[in-house]
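Data block below; observations after.
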Amino acid sequence: MKALSWVIAGTLIAGGVQADVLISEYVEGSGFNKALELYNGGADAVSLVGYRLERYSNGAADASATLDLNGESLAAGAVLVIVSSQAGAPLNGLGDISSGVISHNGDDAYVLRDMNGVVDSFGRVGEDPGSAWGSGDTTSVNQTLRRLETVTTGDPVIDDAFDPADQWRAFPQDTLDGLGVYGEGAGDGGDGGGDPPPALGACGDADTPVSVVQGSGASTPLDGETVVVESVVSAVYPDLDGFFLMEPVVDRDDNPATSEGLFVYAPDAVVNPGERVRLAGTAGEYFEQTQVSLQGDPLVCAVEQTLEPVAFALPFADLAAPEALEGMLVTVSQALTVTEVYDLARFGSVVLAEERLSIPTQVAEPGAPAKAVADSNALGRIVLDDGLNTQNPEPVPYPQGGLSATNTLRVGDRVDPDFRAVVSYSFEEWRLQPVDEITFRAANPRPAAPPRAPGSNLRVAAFNVLNFFNGDGQGGGFPTARGASNAEELARQKAKLVAALTALDADIIGLMEIENDGYGPDSAIAELAEALGPAWRFVAHGEAGLGSDAIAVGL
């Protein structure tokens, strides 16, 4: 989103702006487990167009980072959860928005503004409190803080004294049971209360079949109900905070429209594949995947049970077809092709299809012909995931042996067939979570660099420098808005870029994603040209840069 222009005159103290939106929860957890929750306490829905969340770090008087909330809307009584873009499980699955702006420690303040001024604030702008505001049992470090329900208006004075004990209730670090819920349903942080888990009965007693929990539609017909399920564990994924169940053949309903598999959200449960377990939990949808949230402990009824996977093949008959496989153990019998690797290093996942899929307008005219290709592509793809819920996994599991500069995975490579996986749904994609080891075969070798044509004297190339930001150009100014976070990382990035750009053996290079900081002697493009050697020059377009984005193109 493009940032709005804000004009804030005078002092840090803003006039009182009446608004129904409050900062209602603050999570300062371990690692990158950071989150803020906004609550609409009014009687009407609020459009967040013009709303902006600002973070002020370490006593800064100017915002260190901002997040525009344009395009969001908050219904009456609803909450909006914003989590750190680097948060781990389960927090990263609880957010409505993921943003690098949510990156606080106990000494960072937040200000929520709309187009009229300050709506609410947390902390004291302009003051560095040391490690945290507050003392004793209620501080802004290593705790979850929830706004007291008696607080119905925001704090528009952003530089007044701040003591979280005045308006916030403290919970232990990494308490997340109330995030996304305001008021009475927000949980107690594990300090008691709530109904006891329902009675399980004995193994073999009547239960709710998995197919009934799943239903024949896109969501469970038993949403919010407590169910008792007895079935066989097909796969366990600790990093996904749970495991999958699947009915053995004898217990299936033979209805092709209903799935016989189910995800159980159970971060602390210890179960093993092949165990028949009996458990109770609440049926529901979590980001459009049907699941049961475990209550109490599961009861192991038998071990070493055998499950028969069902067949999986692409393309799907229609967009609803994968629903009948949700949560099920499947065998992939096709030799599928890698058609996208964009998320491989970041999230450990690749997109598979029967054959490489083309961008629609690469093979068809814009309009109806291209839409037909897009519709066909949507039916012919599936994400092969890694069973993890982390960013930048180490090692990246694909290809076998782990991704590295000498062990790459290319679009067009093939996957050996006859592996088992569980079909899941998350982040708006159908996925295969692996059960067996996945084996890739190189089928699209990297072509050699094209030789210079006889008699030619000019080679033009293009290169994405992937957010080359050089701080203030004098060794400082870190961390930058994008790119390197310190001078040492910049040196590593620059050395790799110079090696790659030199190897192009080009005379003119078009650059993408270079810092848009003008063309002065300290600019990013000037530093890169200088690093390439005395024969290189860059093209300056005026002095201020190109447009208003943080990055630009260059020559």
Side-chain angles (χ1 to χ4, degrees), residues 93 207-225 227 229-235 237 240-249 251-266 279 281-294 307-334 336 339-340 349-354 357 374-387 389 419-435:
D207 70 315
T208 303
V210 166
S211 57
V212 174
V213 178
Q214 281 282 6
S216 58
S219 58
T220 175
L222 305 180
D223 190 22
E225 297 184 23
V227 296
V229 176
E230 184 175 323
S231 196
V232 178
V233 178
S234 60
Y237 299 98
L240 301 183
D241 290 324
F243 56 91
F244 286 89
L245 295 175
M246 184 164 158
E247 300 280 26
V249 173
D251 294 330
R252 298 176 188 174
D253 68 355
D254 295 324
N255 180 354
T258 58
S259 169
E260 301 289 346
L262 182 65
F263 180 68
V264 178
Y265 175 72
L279 57 87
T282 304
E285 297 290 318
Y286 186 72
F287 288 90
E288 300 181 68
Q289 176 171 267
T290 300
Q291 68 174 30
V292 166
S293 298
L294 183 67
L307 284 174
E308 183 177 324
V310 299
F312 176 92
L314 291 175
F316 298 119
D318 53 53
L319 293 177
E323 285 286 350
L325 297 173
E326 184 184 70
M328 294 187 73
L329 181 67
V330 300
T331 296
V332 180
S333 56
Q334 291 172 293
L336 297 176
T339 193
E340 184 183 306
S349 62
V350 299
V351 180
L352 304 179
E354 281 191 284
L357 303 178
D375 292 343
S376 176
N377 285 355
L379 298 176
R381 69 193 300 276
I382 188 79
V383 176
L384 174 64
D385 215 330
D386 60 356
N389 201 18
F419 66 88
R420 295 175 303 158
V422 172
V423 177
S424 72
Y425 188 86
S426 61
F427 297 99
E428 300 182 342
E429 294 269 18
W430 287 104
R431 300 171 184 270
L432 294 173
Q433 303 292 352
V435 171

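Note that the coordinates shown come from a computational prediction; the quantities given were computed from them, not determined experimentally.
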- Any side-chain heavy atom of R420 within less than 4.5 Å of one from L329? yes
- Item | Donor-acceptor pair between E326 and S259 side chains, under 3.5 angstrom | no
- Query: What are the two closest heavy atoms between L319 and A378, and how far apart are they?
  - Reply: CD2-CB, 4.1 Å
Ignoring hydrogens and angles, write down the donor-acceptor pairs under 3.5 Å from the side chains of residues 307-314, residues two or more places apart or on other chains.
none

- Query: Taking C-beta and beyond as the side chain, do D241 and N389 meet within less than 4.5 Å on heavy atoms?
  - Reply: no
- Sub-4.5 Å side-chain heavy-atom contact between Y237 and V422: yes
- Task: Indicate yes or no: at least one non-hydrogen side-chain atom of E323 is less than 4.5 angstrom from one of E288.
- Result: no
- Can you name the salt bridge (Lys or Arg N to Asp or Glu O under 4.0 Å) partners of E230, sequence neighbours left out? R276, R278
- Query: Going by distance alone, is a donor N or O of one side chain under 3.5 Å from an acceptor N or O of the other, for R431 and S426?
  - Reply: yes
- Exercise: identify the closest heavy-atom pair between G284 and D223: CA-OD1, 3.2 Å
- Message: Under a 3.5 Å threshold, yes or no: a donor from one side chain and an acceptor from the other, between S349 and D386?
- Response: no
- Task: Mind running side-chain contact (heavy atoms from CB on, under 4.5 Å) on F287 and Y425 for me, showing each step along the way?
- Result: CA-CA 8 Å; F287 288 90; Y425 188 86; over 6 Å; no
- Heavy-atom closest contact (P256 atom, A324 atom, distance): O-CB, 3.2 Å
- Item | Shortest non-hydrogen contact from A421 toward L432 | CB-CB, 3.9 Å
- Close side-chain approach of Q433 and L240, heavy atoms under 4.5 Å: yes
- Is there a side-chain contact between F244 and V423, using heavy atoms and a 4.5 Å cut-off? no
- Looking at side-chain heavy atoms only, is the closest gap between V213 and V229 below 4.5 Å? yes
- Query: Side chains of S231 and E247: is there a donor and an acceptor less than 3.5 Å apart?
  - Reply: yes
- Which of V212, T220, L222 passes side chain to side chain contact (heavy atoms under 4.5 Å, CB included) with V227? Answer is L222
- Work out which heavy atom in F243 is nearest to a heavy atom in A266; give both atom names and the distance. CE2-CB, 3.8 Å
- Message: Checking E285 now: which residues fulfil salt bridge (Lys or Arg N to Asp or Glu O under 4.0 Å) with it, not counting sequence neighbours?
- Response: none
- Shortest non-hydrogen contact between P248 and V232, atoms and distance: CD-CG2, 4.1 Å
- State, yes or no, whether a side-chain contact exists between Q214 and E260 at a heavy-atom distance under 4.5 Å. no
- For the side chain of S211 and the backbone of T258, is there at least one donor-acceptor N/O pair under 3.5 Å apart? no
